[in-house]
Structure formats: C-alpha cells, structure tokens
Engineer: 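Structure incoming, see below.
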Amino acid sequence: CRNLLEVSGWHIPFLPRPSAGKPSRGRMRSSCVLLTALVALAAYYIYIPLPSSVSDPWKLMLLDATFRSAQQVSNLIHYLGLSHHLLALNFIIVSFGKKSAWSSPQVKVTDTDFDGVEVRVFEGSPKPEEPLKRSVVYIHGGGWALASAKIRYYDELCTAMAEELNAVIVSIEYRLVPKVYFPAQIHDVVRATKYFLQPEVLHKYSVDPGRIGISGDSAGGNLAAALGQQFTQDANLKSKLKVQALIYPVLQALDFNTPSYQQNVNTPILPRYVMVKYWVDYFKGNYDFVQAMIVNNHTSMDVEEAVALRARLNWTSLLPASITKDYKPVVQTTGNARILREIPQLLDARSAPLIADQEVLRHLPKTYILTCEHDVLRDDGIMYAKRLESAGVEVTLDHFEDGFHGCMIFTSWPTNFSVGIRTRNSYIKWLDQNL
C-alpha cells in the first residue's frame, strides 16, 4: 500500500501501530488517576474518627463500612418496593453467615423446636464423673430484627460455651421484626424456656435442674432480662434460674442522652440514630418520631406517664463520676405526648427491664453484666447493675475500656478482634465459676 500511494504522488507518513498489550502513556495515566480516585473514595467511605483506645480501629472501620453498605443496599431494595428493608438486610446477613448444625467429637449440635419455637441445641461431651450437665439458655442479639441462632458467629460462641463448660446450650431462634413485633419475641423465649425446664426435657438432655442460667447479648440481653423478671413473678418458676448473664444489654428507651449515648453518638457499629430506629421498629412505630425521641421529647416534663419512672434511671445518681464526667442531662420542659400515646410500649418494663419495680429486681438471680466503653448501651448495663445491687442481688459488672458494641461475637477471621476474644473468655470464665 505504501508503494502504491508513493507511485500516485501521495506522500503520507505511516505511524507505527502500538504493539498489542502495551497501552499508551495517556491511557496508563488515565487509569492511574481513576484508580487513585477510587482508592480515595473508598478510604473516605471507610474512614471514621475513632478513639485511640478502641480495639483494632482499622478493622472496626472496615466492619462498619461493610455493615453500612449492606444497610444501604437493603434501603434501596425497600425504596424500590421489593422487600422490607429489615428483611432484605437480614437476608444478606444470614446468606453470608448461615451455618448448618454440624457436630464435632466434642459437641453435638442439633436443630429442633421447643413448643413450636425453633432452637439449636449444643451438647458437651458426657463425662462419667458428671452425669448431669449445667445449661445456659442463650438469646442472640440483632435489634429484635436481625441475625439468627444459626449464623456462624452465634454457632461458634455456643459451641465454645458447650465445650468449655461441658454444658447444654439452648440457642433460641425467636421470630423477628417485621414478621412479628413486641411482645411476640418475649413470648417466644418464655415459651421455649418453659418447655426446656420441664423435668422430662431436662432428663432427656441430662441437665442438672439446679444449674441453669439465661443469657443474651444486645437485644438478646434485653429479652433475657425480661425473661428473668417474668420468671420471678411466677411461683412455679421463681427459683428455676441460678444465674443471668447479660452482654451489653439494651434496657431502656426513656433517655437517649445518657453519657454513653452522648459520648458514642456516631460510634460503630451501633450509632444512636440506628438504636432509636430499632426501638421504633420493635413497636411498629412511626419513623417520624425518631428525631423527637433522640432529644427525649417523648419523656419531657409535661408527659405525665414518664415522670414517675424517671427516678429509676436517674443517671446522675446511678452512674459514677468517672462515667458522668461533664455530661448534662437532657430533659425537655415540653415535648410530644403523642409519641407515648401511640407507642405506650416504651414504658413497659417487659421492653425496658431497667424501669422494673424494686420488688421485682429483688428476686433476680446472681447476675453478670458485660459493658463496653465505646457503646451507646454502656450506661444501660451500669445502671441496671446499680439498681440490682441496691435490691440486694449479687452482681458482677465486667467493663472493657477498649470494647465496642457487638465485639464478643467477633472472634474468628476475618472479623477477629482482640477484645472479642477477651470478652468471650471473661464471660465463659464467669459462667464456669458461678453456674
């Protein structure tokens, strides 16, 4: 072709074609700029300022970013009308973490149901010197709406408990929001636990009836506390539980401005706004109330129903000075009485065990409460410990300065945190010494 053009009198310069697989400098420069921009955007999305004292801060940022991404996907699904956002979010959580009932030589794992409520039972290996085992009824967390007894995190926790305590662990798969709302979750855990406590069922699992405890984390700690209080008011069940162990429990919805709520307003993985939304979801309430509840408009001075209960969670007297620091109570003079008219469950002791009568607290068993410094729910646990002590209950308050909400279930790669391992070990050690 070159010769033909030259013969025709045309002199066209021919540039050499770039060899395949070698991009031009301009293309490489564009790719580098794009990659840098993507990295910067990812870093901006992942990074959040965290206290230097929190355990494994960069790992926590990655965990939080992952959870926020799942929430945003579920919100989009909800917006498109494809599914309720909580159903979508829980589908994502369970899909990536569900684990079958797999037994090992040390622990037998079976899925069954107790009086119509699904449970996963973990049985430690029999020992000739211990014909009867101790037992823990465990209730998982997740804002009454998320997670499962059958996901890897809770399966691993209960397996470790069964093996290290040589115990029978009953992990309850209670129904979740939005399929059911308060108080259905409480009914599920009460029904399953009552069934388990029947002599013939305890005999089947070789459980010592005098060595049974209840336990739960976060919303599961809330349900465990409610279960314990209900049992104290039933003459047939009053002394059936030897201990209760509550892991960073959520215990009240009257004051969203305790020092821990103010200090950890945006701390992962449970910011204040998210916790308030979980409460509204639990009661099938109106999201329009969330902002008003955040500033305590639902328990203002002119809301008569809340006045009598305010003293039961007066954190200026229930919390030590090392916790209260310079934080000030947020008490509105006038508020929104409509909130409690539409969601009276906010003042129900079954949903908020911290506001129960002193007479109810007096009959509770020996108690373990684990709290974390970087958690909006820290003060709920500390105030409950104080109220229980005042009622004459023996309490162990186990506080972790580098802990964050949810940390105890994060003990294996890639979400293994040093504080997760330490909290789990401390929890199981207490059960071993007291159950």
Side-chain angles (χ1 to χ4, degrees), residues 101 103 106-112 114 117-127 130 132-141 147-151 153-174 188-198 201-231 237 239-249 364-370 394-396 398 408-409 411 423-435:
S103 299
Q106 293 75 34
V107 179
K108 179 184 176 183
V109 184
T110 53
D111 287 335
T112 184
F114 286 176
V117 179
E118 291 183 45
V119 295
R120 176 165 287 187
V121 182
F122 303 77
E123 300 175 67
S125 299
K127 292 185 178 180
E130 290 185 22
L132 294 180
K133 301 185 184 74
R134 46 195 168 176
S135 181
V136 177
V137 175
Y138 195 87
I139 309 167
H140 72 79
S148 164
K150 300 175 183 179
I151 62 172
Y153 295 116
Y154 288 110
D155 184 274
E156 290 178 353
L157 170 63
C158 293
T159 297
M161 291 166 64
E163 182 175 354
E164 295 181 37
L165 298 171
N166 187 36
V168 174
I169 311 300
V170 176
S171 187
I172 301 178
E173 183 79 336
Y174 58 93
D188 282 359
V189 299
V190 169
R191 192 163 69 250
T193 306
K194 282 184 175 180
Y195 179 90
F196 178 61
L197 292 175
Q198 295 178 103
V201 180
L202 295 180
H203 176 74
K204 174 185 175 180
Y205 289 102
S206 301
V207 169
D208 184 340
R211 303 179 73 189
I212 300 170
I214 54 170
S215 184
D217 64 299
S218 191
N222 168 280
L223 295 172
L227 173 68
Q229 291 184 8
Q230 285 204 28
F231 275 26
L237 299 168
S239 57
K240 294 288 187 180
L241 301 173
K242 186 177 182 182
V243 301
Q244 64 172 349
L246 313 177
I247 313 303
Y248 29 77
L364 286 169
K366 183 185 292 188
T367 300
Y368 171 88
I369 299 177
L370 187 150
E394 185 179 340
V395 181
T396 297
D398 199 5
M408 196 182 78
I409 62 172
T411 57
T423 50
R424 190 180 78 174
N425 290 345
S426 186
Y427 163 64
I428 293 177
K429 181 180 178 181
W430 185 89
L431 288 173
D432 190 33
Q433 293 173 346
N434 293 277
L435 182 58

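Keep in mind it's a predicted model, so treat the numbers as computed, not measured. In this chain, numbering begins with 1 at the start of the sequence shown.
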Engineer: Between atom OG1 of T423 and atom CG of D217, what is the distance when rounded to the nearest 0.5 Å?
Structural biologist: 10.0 Å
Engineer: Could you go through the side chain to side chain contact (heavy atoms under 4.5 Å, CB included) check for W430 and V243 one step at a time?
Structural biologist: CA-CA 10 Å; W430 185 89; V243 301; 3.7 Å; yes
Engineer: Can you tell me how far the CG atom of L241 sits from the OG1 atom of T193, to the nearest 0.5 Å?
Structural biologist: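 L241 CG to T193 OG1: 8.0 Å, rounded to 0.5 Å.
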Engineer: Does S215 use its side chain to pair, donor to acceptor, with the backbone of A245 at less than 3.5 Å?
Structural biologist: yes
Engineer: Identify the two heavy atoms, one from V117 and one from D188, that lie closest to each other, and give their separation to 0.1 Å.
Structural biologist: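 Minimum heavy-atom separation between V117 and D188: CG2-O, 3.6 Å.
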Engineer: Mind running side chain to side chain donor-acceptor pair (under 3.5 Å) on Q244 and T367 for me, showing each step along the way?
Structural biologist: CA-CA 5 Å; Q244 64 172 349; T367 300; 3.0 Å; yes
Engineer: Just checking E394: does its CD atom have more than 12 heavy atoms from other residues, nucleotides or ligands closer to it than 6.0 angstrom?
Structural biologist: no
Engineer: Should K240 and I212 be marked as a side chain to side chain contact (heavy atoms under 4.5 Å, CB included) after you check the CA-CA gap, both sets of side-chain angles, and the distance that decides it?
Structural biologist: CA-CA 7 Å; K240 294 288 187 180; I212 300 170; over 6 Å; no
Engineer: Quick one: closest heavy-atom pair of K133 and G124, and the distance?
Structural biologist: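 Closest heavy-atom pair between K133 and G124: CE-O, 2.9 Å.
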Engineer: So, for P249 and I369, which heavy atoms are closest and what is the spacing to 0.1 Å?
Structural biologist: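 Result for this residue pair: CD-CG2, 4.3 Å.
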Engineer: Can we say K429 and D432 salt-bridge, meaning some charged N sits less than 4.0 Å from an Asp/Glu carboxylate O?
Structural biologist: no
Engineer: Could you work out, with ring-ring contact (aromatic ring centres under 6.0 Å, His included) as the rule, every residue matching Y248, not counting sequence neighbours?
Structural biologist: H405
Engineer: Ring-plane angle category for Y138 and Y154, please: parallel below 30°, perpendicular beyond 60°, tilted otherwise.
Structural biologist: tilted
Engineer: Mind checking the NE2-OH spacing from H140 to Y174? Nearest 0.5 Å is all I need.
Structural biologist: 4.0 Å
Engineer: I'd like to check K242 versus P365 (side-chain heavy atoms, cut-off strictly below 4.5 Å). Are they in contact?
Structural biologist: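 No, too far: nothing below the 4.5 Å cut-off.
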Engineer: Side chain to side chain contact (heavy atoms under 4.5 Å, CB included) between L246 and Y368: does it pass, once the steps are laid out?
Structural biologist: CA-CA 6 Å; L246 313 177; Y368 171 88; over 6 Å; no
Engineer: For K366, enumerate each residue passing the side-chain hydrogen bond (donor to acceptor under 3.5 Å, both in side chains) test, keeping only those at least two apart in sequence or located in another chain.
Structural biologist: N434
Engineer: Would a distance-only check, ignoring hydrogens and angles, find a side-chain to backbone donor-acceptor pair under 3.5 Å from R424 to M161?
Structural biologist: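 Here the side-chain-to-backbone pair does not exist.
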Engineer: Could you check if a side-chain atom of L197 sits within less than 4.5 angstrom of a side-chain atom of F231, using non-hydrogen atoms only?
Structural biologist: yes
Engineer: One pair to check against side chain to side chain contact (heavy atoms under 4.5 Å, CB included): Y195 and V119. What are the steps and the verdict?
Structural biologist: CA-CA 11 Å; Y195 179 90; V119 295; over 6 Å; no
Engineer: Let me confirm one number: the CZ-CG distance from R120 to D155, rounded to the nearest 0.5 Å.
Structural biologist: 5.0 Å
Engineer: What are the two closest non-hydrogen atoms of Q230 and V190, and how far apart are they?
Structural biologist: OE1-CG2, 4.0 Å
Engineer: Got a second to check how far T411's OG1 is from L157's CG, nearest 0.5 Å?
Structural biologist: 7.5 Å
Engineer: Look up atom CD1 in I247 and atom OH in Y427, then write down how far apart they are to the nearest 0.5 Å.
Structural biologist: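 These two atoms lie 5.5 Å from each other.
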Engineer: Which heavy atom of I214 sits nearest to which heavy atom of A224, and what is that distance?
Structural biologist: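 Closest heavy-atom pair between I214 and A224: CD1-O, 3.1 Å.
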Engineer: If I compare all heavy atoms of L364 with all of Q229, which pair ends up nearest, and what's the gap?
Structural biologist: CD2-N, 3.8 Å
Engineer: State, with a plain yes or no, whether a side-chain heavy atom of E118 is found less than 4.5 Å away from one of K150.
Structural biologist: yes
